[in-house]
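Sequence lines set the chain letters: A, B, ... in the order given, protein chains first and strands last, and positions in each chain run from 1.
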There are 2 protein chains.
Amino acid sequence: MARTQGSHGDITGPKVREAALRLFAQEGFAAVSMRRIAGEVGVQAGALYLYTPDKQTLLFDLMREHLEELLANWSAPDAPPLAQLEDFARHHIRFHLARPELVFIAYMELRNLEPENFRVIERLRREYEDRLEAVLKAGQAAGEFEVPDTKLATMAIIAMLTGVNTWYREGGRLDRDAVESIYWDMVRKAVAAG
Amino acid sequence: MARTQGSHGDITGPKVREAALRLFAQEGFAAVSMRRIAGEVGVQAGALYLYTPDKQTLLFDLMREHLEELLANWSAPDAPPLAQLEDFARHHIRFHLARPELVFIAYMELRNLEPENFRVIERLRREYEDRLEAVLKAGQAAGEFEVPDTKLATMAIIAMLTGVNTWYREGGRLDRDAVESIYWDMVRKAVAAG
DNA sequence: GATTTATCTGAACAGGCGTTCAATTCAACC
DNA sequence: GGTTGAATTGAACGCCTGTTCAGATAAATC
């Protein structure tokens, strides 16, 4: 037996990516075998290698594309620092709530990246942090924010906002807009003067 | 060959725990084999089973003991809500910075717990969250805090504080006390009225 | 209808996995 | 000095791992 009826590369390709995404997020990169992924897609393990050179690249591509999209999704608008910060906070929450699996993987599977791939991902993440820090620095310079340390505040804000993903569930007590507003309010106050 | 010179159960036991802790934190539970752990300890894989019934229990015990210690380490002092909150924030940062590996494992390896073990850990974590939420509720009732949602604020604060572990490195720009104070300041402002 | 080409199978490779257990060794006790 | 018992080895169990590849199949092209 070989090629079964209705098999198409342009369908199987995305299916491989989606199965890897779901399984890596649920059980972790190291715990998921290529045979499991193949099973989800409906092919034998060997067929996966038509769509990825190896398992590591499957993980790396998911993370790289995720972070590139994150960066493409936000750059500081031409506005006062406070408005820039609000824009950042709301975009961050919205973006992260929309793709919980990718967020989880990009966060949890760093140690399973080979050194070279790790450096690439780290650079992208660092770039995102720098964008927020630039906003905080601008606000500090303008006297609108009062943060003793912009780098530290950057990390604290990102950790707080990303933390939404650990508890938010669709159809829960609060909808996304409400969560967004409440978190923005806490961020605003945390960096406010006084 | 068998028992080598100078072998002692009361030494090997802790060494197994420490090796597992270090390796699980560095490379992840699923990526570390019993043979690797045994190699770090300096015994053969079979000897590990004198100190743990299986690999799963090795992980579970690390997490359970960590969370039990966390709970034992803090209960709300007899003081006004603001002082209670400061006490919480400072204890949380201090406790977490002191054991980064356990924190990392308790956070990252939840999905590698068997269902029954998972429930135990979840319950302990929930208890910790509830203690913070009680403080926020008290402060809200006293009109000292202004939080639109105490559960959400609980999660936001814990995420923010635990986030310290992702970037803090010993001997860096800021010492622990400075970090503690800066984070407490952000927490204080985030829940403040106004 | 024949040929080409993309797609996939199924077996194989060499190695690693968690766990068990009889056999062995060494330290402590009588 | 002989006996006991805890500590450990090393081999074995059955199974799973990522990856490769010759061969088979079905769709697309001519």
When you check the gap from the basic side-chain N to the acidic O, do A/E127 and A/R131 get nearer than 4.0 Å? yes
Contact state string [nucleotides 14-20 of chain D, B base, S sugar-phosphate only, - no protein heavy atom under 4.0 Å]: ---BBBB
Measure OH/B/Y51 against C1'/C/dT19 and give the value in whole Å, please. 17 Å
Side chain to side chain donor-acceptor pair (under 3.5 Å) involving B/E18 - partner list, sequence neighbours excluded: none
Do any N or O atoms from the side chain of A/R64 and from the backbone of A/N117 form a donor-acceptor pair under 3.5 angstrom? no
Find the distance B/L50:CG to C/dA22:C1' and express it as a whole number of Å. 14 Å
In whole angstrom, what separates A/Q44's CD from D/dA24's P? 17 Å
To the nearest angstrom, the CG-P distance between B/L48 and D/dG10 comes to 14 Å
Residue pairs fulfilling ring pair (Phe, Tyr, Trp, His ring centres under 6.0 Å) with at least one residue in residues 152-194 of chain A, sequence neighbours excluded: none
Sorted by chain and number, sequence neighbours left out, side chain to side chain donor-acceptor pair (under 3.5 Å) with A/Y128 holds for A/H92
Here the pair of heavy atoms bringing B/Q26 nearest to A/R111 is O-CD, 3.5 Å
Cationic N near anionic O, under 4.0 Å, B/K151 to B/E129: yes
Would a distance-only check, ignoring hydrogens and angles, find a side-chain to backbone donor-acceptor pair under 3.5 Å from B/E109 to B/L59? no
Given axes from five pairs at either end, by how many degrees does the helix from C/dG1-D/dC30 to C/dC30-D/dG1 bend, rounded to 10°? 0°
Do NZ/NE/NH1/NH2 and the carboxylate oxygens of A/E27 and A/R36 come within less than 4.0 Å? yes
Stretch residues 108-116 of chain B: residues that reach within less than 4.0 Å of DNA chain C through a heavy atom: none
Determine: side-chain N/O of B/T12 to OP1/OP2 of D/dA7, distance under 4.0 Å, yes or no. no
